Asker: 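Sending over a structure as structure tokens; questions will come in a sec.
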Amino acid sequence: MNPYEIFLNQLEKGASVLELPEHVVDVLREPERVIEVSIPVRMDDGTVKVFRGWRSEHNTALGPAKGGIRYHWEVTKEEVMALSAWMSMKNALLDLPYGGGKGGVKVNPKQLSEGELERLSRGFMDKIYKYIGPDQDVPAPDVYTNPKIMAWMMDEYEKLAGRKAPGVITGKPLILGGSRGREYATAIGGFFVLREALKLNSTNFEGKTVAIQGFGNAGSFIGKFLYENSAKVVAVSDSKGGIYNPGGLPIPEVIKCKKKTGSVVDFPGAERITNEELLTLDVDILVPAALEGVITEKNADQVKAKYIVELANGPVTPKADEILYNKGTFILPDILANAGGVTVSYFEWVQNRMGYYWDEEEVVEKLDKKMSKAFREMCEAMESYEVNSREASYTVALRRIVEAMEARGVV
Ligand code: GLU
């Protein structure tokens, strides 16, 4: 199954719980618009390289399309389409006034110089410019993109538009209208919903063992929050491999090692493991925080964690879902668990529109409220429809999207 087929499978399940009419589901089966562009970039050696990029707007009934742009050597059109559809669901579940969008450029950014990266980022914005805007489609960071890239893209957009437009993109540097707290928002959002899930089972973080796959922005910050709240993070990994210490890893030190060496693998005093081995460790909490499709029917029955916090988008395939839910695993689905990022993006966009900026405390408090409310709504749907957490989260999201489509007279 490619990622878009996975989305269609999840959509089908949510739609059947809600008994949505076929023509309504039909609208959601297709993205509203997929833009495919080629981006010629002048390389430092004077040659020109051509990169391919996409921006997919899945559904905009609730508002402007919203979602990140990823740079990755394996990006495909279907993947970008799936990610945009998941953004529609995520934004609706969090009750944000947004539809879903996503962008991707097929490139290995680690192989580009800073100048090449800037020219690529500006070039991509030039090509999608007409379809982007604070009231139209609002990009943000995703895998291997960051505030610096958002700044270049915003600057390029403003030059083309001939006016300032900070709300055109989120995840910007603070000095250009970024929001306080955005940097660690995805991680702390996941941390908040995990706290709620533990509370539901009358327990807390104390002494819980954790394995984190992916030590980028989301993975490293949730590691830090869990470490500071007395959980025991025993394993972490990145694209080069993983490390394991059953006695617990000193996460602030591991973060320093990652910053210095570019990876966690050379951290002293830990056993080397593979990314696959990490997923099946005997831990209480598993946090996939890298890419899609890492837990499949092949390894799901070996997953021992009681809680899975999906900080990555789409890390568990539908077949793996079935196996895990049958085992009683509590899955915090991606559209809830990693929604902290886009929720603080929403706060950033609101602050840009007001031209008035909140302090960090206010941002985090507002985020906690939003995440906890979405968690409660998911739990209510689990009870009232007697479905698992993923299906429940889809029903909450779909109800809102369909209501907006009905109000507009689309369906
Ligand atoms: N890329 C993040 C996500 O997948 C954030 C999107 C945003 O802030 O718009 O949710």
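Just follow the structure's listing: the first ligand is 1, and inside any ligand the first atom is 1. Please read these numbers as outputs of a predicted model, since none were measured by experiment. Because only heavy atoms are used, hydrogens play no part in the values below, and waters and symmetry mates are left out as well, while side chains stay in.
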Asker: Check whether the ring centres of F191 and F205 lie less than 6.0 Å apart, and answer yes or no.
Answerer: yes

Asker: According to the interplanar angle, ranging from 0 to 90°, do the rings of F225 and F221 count as parallel (below 30°), tilted (30 to 60°) or perpendicular (above 60°)?
Answerer: parallel

Asker: I need the contact residues for ligand 1: any residue with a non-hydrogen atom closer than 4.0 Å to the ligand, ordered by chain then number.
Answerer: K66, G67, G68, M87, K90, K102, A140, P141, D142, R182, N313, G341, V342, S345

Asker: Looking at CZ of F330 and CG of L198, how far apart are the two atoms once the value is rounded to the nearest 0.5 Å?
Answerer: 9.0 Å

Asker: Name the orientation class of the two ring planes belonging to Y129 and Y157 (parallel below 30°, tilted from 30 to 60°, perpendicular beyond 60°).
Answerer: tilted

Asker: Among side-chain atoms of W54 and E79, is any donor-acceptor pair under 3.5 angstrom?
Answerer: no

Asker: Side-chain donor-acceptor pair under 3.5 Å between D266 and T261, yes or no?
Answerer: no

